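Read through the structure below, which is laid out as structure tokens, and then see the notes.
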Amino acid sequence: MTRRGASFALWVAIALGIVPAVVTGHISPFASFGTRFGLEIESLIFLPAELCLVVFLLGIAACVFLRRFVLMPLLLPWLALVFYPAERLTDQLPSTWDAQEKLYENEKLARESGELPGIDWLRDRIGNISHTDTGLFRFEREELLQELNRLSETGAEWGNNDNQRTKKIATQINALKPKIAQANAHIRLIDKALRDLAIASRFSFGLADKVVGDKLKQGRTKVVRHRDALESKRRALRVELSTLQEARARSAEALEELRNLDARIQTYLWASDVYKAWQLSMVYKALCLAVLVVLLWTFSIASPVYLSLLGASLLTSLLYAEGALGYRLWLIAQFLMLCFGLRIARLLVQENGPLLRRQSGSFLLKTFRKTMIFYLPFLTLLAAGLAASWQINRSIDAHLYSLEIMSGADLDAPRRQNIDRAISAYFDEQEQAAFGVLDSLDAQAKSSPKAVAAAIMSFYETEVPETLPDIEPEMAPPGCRGFLPWVFQTASCAETSVKEPLNEAYADRREAERERLDRTTQGYAELARTGAANLVDVAREDLSSTFHDMETAIKKQLGVIYAVVDIYAWVSWFVLILVVIKSLMYIFARVFFGAQANDERLIQFESEPEPRQPGRVRDVPDRLDLTPEMGELMYVSKRYDFANAPPDEVTPQAQRAFFSRFLRGAWHMNRIWTGARVVGAAPYRRLPADERIVVWTLKPGDAVIFSWKQFVGMSDSIDIRTRYSWQLASLVFGRMFYVVACVDPDAPSDGTLLLSARGSDGTDGQESPSNSPDQLLAWQTTTRFEMHANLNFRNVYRSGVQIRAFGKDLAVMHSNVQRQRSGAARFLTCFFLPV
């Protein structure tokens with residue numbers, strides 16, 4: 001492998017080491033934009049540890065081979081992936097609200113558990129807590145131990161033997177469950193075999209082996225007896241467990257406190273573990289951010305290295321990550337926003353730093369002060385827009401907390417947490433109400449499958465409304481059909497777009513759960529016949545599962561809505577920040593270059609004290625001949641036909657400036673040989689009276705900025721590249737993307753660039769007039785310009801500027817019918833973007 005290939009492979013390996021951070025959004029500061037309601041990366045499968053070690057060692061070897069030892073630290077993300085799985089390295093620290101929900105969940109599990117925690121076991125678990133201040137909880141180990149000792153003394157009458165017996169029974173019950181499930185599976189297989197045998201016997205006119213059928217029936221009877229025996233044993237164990245639990249009833253208060261302590265210790269251990277994982281992930285995040293900054297400093301976003309990183313991230317996100325697809329793609333979009341933002345920051349410093357450093361401090365201070373005075377209207381609009389957004393949020397909160405379902409909301413908690421808590425509380429109430437209905441049945445009804453099933457279905461039909469507006473009338477979406485309501489009733493239509501999918505999701509899930517519950521209750525008769533289970537307990541589990549599924553479905557639908565809202569919010573913030581930076585720099589550039597001109601305040605794209613002018617420019621008014629002096633081979637836009645040159649479509653430099661060429665119809669071109677190829681005649685084109693062609697001859701090392709709109713043709717020695725610029729000069733010119741035609745310094749011949757112009761003013765730099773930047777046809781990247789503009793509020797906002805090539809610098813103006821761009825007023829509409 002060549003040194004160039006090894007270098008490229010090394011950079012690609014460095015970039016791919018941060019793929020897990022890209023896929024999970026861990027590398028982006030936008031990742032924690034709010035409670036996700038289940039929108040998260042549930043698991044991430046990356047490369048095996050052995051392969052990560054191979055990549056790391058190969059990268060180290062490449063650094064040694066290339067003698068680029070400074071790049072070795074950039075391979076550390078690969079080393080981290082050797083010792084830790086990707087999902088652990090990209091853990092986020094939960095919020096305090098998440099911690100409270102975890103505590104609530106553990107307390108609920110502790111109450112529902114039939115097994116009591118042991119004192120010594122709890123004491124050991126307290127000792128295993130390694131982080132006492134996680135940012136989620138703060139506790140003292142000695143206080144926990146004292147509380148545990150107090151509870152052990154209060155509950156001394158509760159014998160340890162009973163506790164051990166309870167644990168043993170719970171273990172036996174859990175061990176019987178898979179055996180019963182296995183027996184039921186065997187029964188289903190035998191039943192299937194009997195059905196298949198019956199079908200075979202029907203189509204074989206009774207010739208099928210009846211002995212096999214008898215054997216299968218005998219086997220089924222044995223399995224059923226074995227299953228029933230296991231069920232009987234489990235019922236007996238549950239009865240004994242209930243007896244033990246009743247014996248402990250007199251220590252209920254101490255028992256409850258002990259369970260709560262167990263739930264708290266479980267939560268503290270969880271918080272300690274996630275805090276440790278978060279600390280580890282922060283180290284990985286710092287490494288990945290360092291790699292990203294180095295990559296952005298070294299390569300452009302469109303480089304093969306970045307394209308490899310983006311492609312691998314997309315592939316991993318789509319194929320090897322579990323979670324909502326839209327959320328995974330949004331994390332990739334966040335990564336692109338982060339890269340774009342960092343790239344802009346680099347360009348702002350790198351491109352404007354040298355020019356600003358050459359100015360005196362007093363001049364810069366005066367320019368900045370004057371800029372802020374001119375920027376006051378924009379600051380007023382920005383403040384008004386943010387105030388309007390804040391007021392809208394307040395009105396949403398006021399409307400939301402007026403709903404009956406939100407009566408117990410915590411006003412200090414975020415809106416989404418309150419909604420999530422209200423949904424959980426509502427379904428918990430429904431679940432408890434359903435359990436109350438079952439408990440109210442008499443003893444005979446509790447053993448009757450029909451009575452239990454009827455009670456469940458009756459409660460579901462009457463207490464679980466068919467639509468959300470039946471729960472909360474305010475959830476009814478207002479009417480909005482067609483286009484005009486969106487124009488005249490925007491707020492109502494926006495409310496409809498949120499409430500309609502939520503209502504549809506609720507109705508669909510409600511109907512699906514009703515059908516599932518109906519099918520489940522139909523199996524109660526079989527359970528009662530075999531005595532396999534307590535019907536009320538089974539009904540409790542079925543109802544609990546139903547309410548949990550409905551709650552999860554509504555939260556997922558809310559998660560989708562919130563994801564859309566968050567995507568819009570962050571993108572609009574990102575765009576607003578860019579608009580603020582761009583408008584501020586535009587006014588600063590007007591003030592900066594509009595001051596009294598000198599050699600240190602000239603508009604120039606590539607800094608050279610004295611631009612060289614080896615190129616030549618000539619104006620062709622009537623007939624353009626393509627001669628060998630222009631180049632042996634020319635590529636001409638398909639909009640222009642040349643005599644003696646049959647069309648020969650090609651795509652030169654297809655990967656260069658793709659988007660701008662494609663939009664302007666300059667991606668495909670006609671190839672023309674300038675020698676006499678047709679009946680001894682050279683190719684030529686006669687020009688209409690209102691058209692001229694500017695022929696720009698570029699010497700080796702020259703670079704000229706032009707537009708595809710005026711492009712006619714170029715010789716094969718011309719190289720095309722796109723330049724993205726955040727210079728003050730770019731903002732004065734009113735655009736940030738430029739197409740550059742250049743000739744390699746080591747090229748053996750000159751290059752020729754052909755451009756169309758309605759009229760040409762000044763192929764000679766000294767004769768070029770002062771005019772709008774829109775009239776610029778082409779100019780060298782080293783050309784210096786003076787700016788002429790009136791600096792007052794009206795002209796800064798309503799009028800553009802004029803420029804003129806400085807001295808003998810080379811630039812070509814032409815007659816452009818395009819209306820001159822206005823001043824800073826063109827940014828006004830962007831400040832009305834709601835955030």
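Heavy atoms only: backbone and side chains are in, while hydrogens, waters and symmetry mates are out. Just so it is clear, the model here is predicted, and its values are computed rather than measured.
Qualifying side chain to side chain contact (heavy atoms under 4.5 Å, CB included) partners for A86, counting only residues two or more places apart in sequence or in other chains: P20, L44, F46, L81. Here Y724 pairs with W726 under the side chain to side chain donor-acceptor pair (under 3.5 Å) rule; sequence neighbours left out. Judged as a side chain to side chain contact (heavy atoms under 4.5 Å, CB included), and not counting sequence neighbours, the contacts of F368 are M372. When the side chain to side chain contact (heavy atoms under 4.5 Å, CB included) test is applied to A62, the partners found at least two apart in sequence or on another chain are L10. Residues satisfying the side chain to side chain contact (heavy atoms under 4.5 Å, CB included) criterion with L280, sequence neighbours excluded, are Y84, R88, L89. Listed by chain and number, the residues in a side chain to side chain donor-acceptor pair (under 3.5 Å) with W270 amount to none (sequence neighbours excluded). Shown here are the side chain to side chain donor-acceptor pair (under 3.5 Å) partners of Q279, two or more places apart in sequence or in another chain: there are none. Take F605 and apply the ring pair (Phe, Tyr, Trp, His ring centres under 6.0 Å) test, not counting sequence neighbours, and it matches F733, Y738, W779. Every residue two or more places apart in sequence or in another chain that forms a ring pair (Phe, Tyr, Trp, His ring centres under 6.0 Å) with W667 is listed here: F658. Checked against ring pair (Phe, Tyr, Trp, His ring centres under 6.0 Å), F588 has the following partners two or more places apart in sequence or in another chain: F592. Legend: residues meeting ring pair (Phe, Tyr, Trp, His ring centres under 6.0 Å) with F374, ordered by chain and number and at least two apart, are F793.
Taking all atoms of both residues into account, the shortest heavy-atom contact from A703 to R721 is CB-NH2, 4.1 Å. The minimum heavy-atom distance linking M736 with L731 is given by the pair CE-CD2, 4.4 Å. When all heavy atoms of M669 and A666 are compared, the pair lying nearest together is CE-O, 3.2 Å. Taking each heavy atom of F56 and L75 in turn, the nearest pair found is CD1-O, 3.4 Å. Scanning both residues, V291 and P77, for their nearest heavy atoms gives CG2-CG, 4.1 Å. Residue I27 comes nearest to L289 through the heavy atom pair O-CD2, 3.4 Å, listed as atom of the first residue, atom of the second, then distance.
Judged by distance alone, with hydrogens and angles left aside, the side-chain atoms of S317 form no donor-acceptor pair with the main-chain N or O of S313 at under 3.5 Å. Remark: side-chain polar atoms of R343 are paired, donor with acceptor, to backbone N or O of L296 under 3.5 angstrom. A donor-acceptor distance shorter than 3.5 angstrom exists from the side chain of R328 to the backbone of A321, with no hydrogens or angles considered.
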One pair to check against side chain to side chain contact (heavy atoms under 4.5 Å, CB included): I720 and W708. What are the steps and the verdict?
CA-CA 11 Å; I720 299 298; W708 290 114; 3.8 Å; yes
The test is side chain to side chain contact (heavy atoms under 4.5 Å, CB included); show your working for V274 and W278 and say whether it passes.
CA-CA 6 Å; V274 299; W278 176 76; 6.0 Å; no
Would N352 and L347 satisfy side chain to side chain contact (heavy atoms under 4.5 Å, CB included), going step by step from the backbone distance to the final call?
CA-CA 8 Å; N352 297 304; L347 292 176; over 6 Å; no
Applying side chain to side chain contact (heavy atoms under 4.5 Å, CB included) to L16 and W78, what does each step give before you reach the verdict?
CA-CA 9 Å; L16 297 185; W78 283 106; 3.9 Å; yes
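Here ring pair (Phe, Tyr, Trp, His ring centres under 6.0 Å) pairs that include residues 288-315, with residues two or more places apart or in two chains, are W11-F299.
Between L331 and V23, the closest side-chain pair of non-hydrogen atoms is not below 4.5 Å. Between V739 and R723 there is no side-chain heavy-atom pair separated by less than 4.5 Å. Contact annotation: the side chain of P73 never approaches that of L287 to less than 4.5 Å [non-hydrogen atoms, C-beta and beyond]. Within the 4.5 Å cutoff, the side chain of L336 has heavy atoms near those of the L310 side chain.
The number of heavy-atom neighbours closer than 6.0 Å to OH of Y320, taken from other residues, nucleotides and ligands shown, is 12 or below.
Taking the six-membered ring for Trp and the full ring otherwise, the centers of F378 and Y797 sit less than 6.0 Å from each other.
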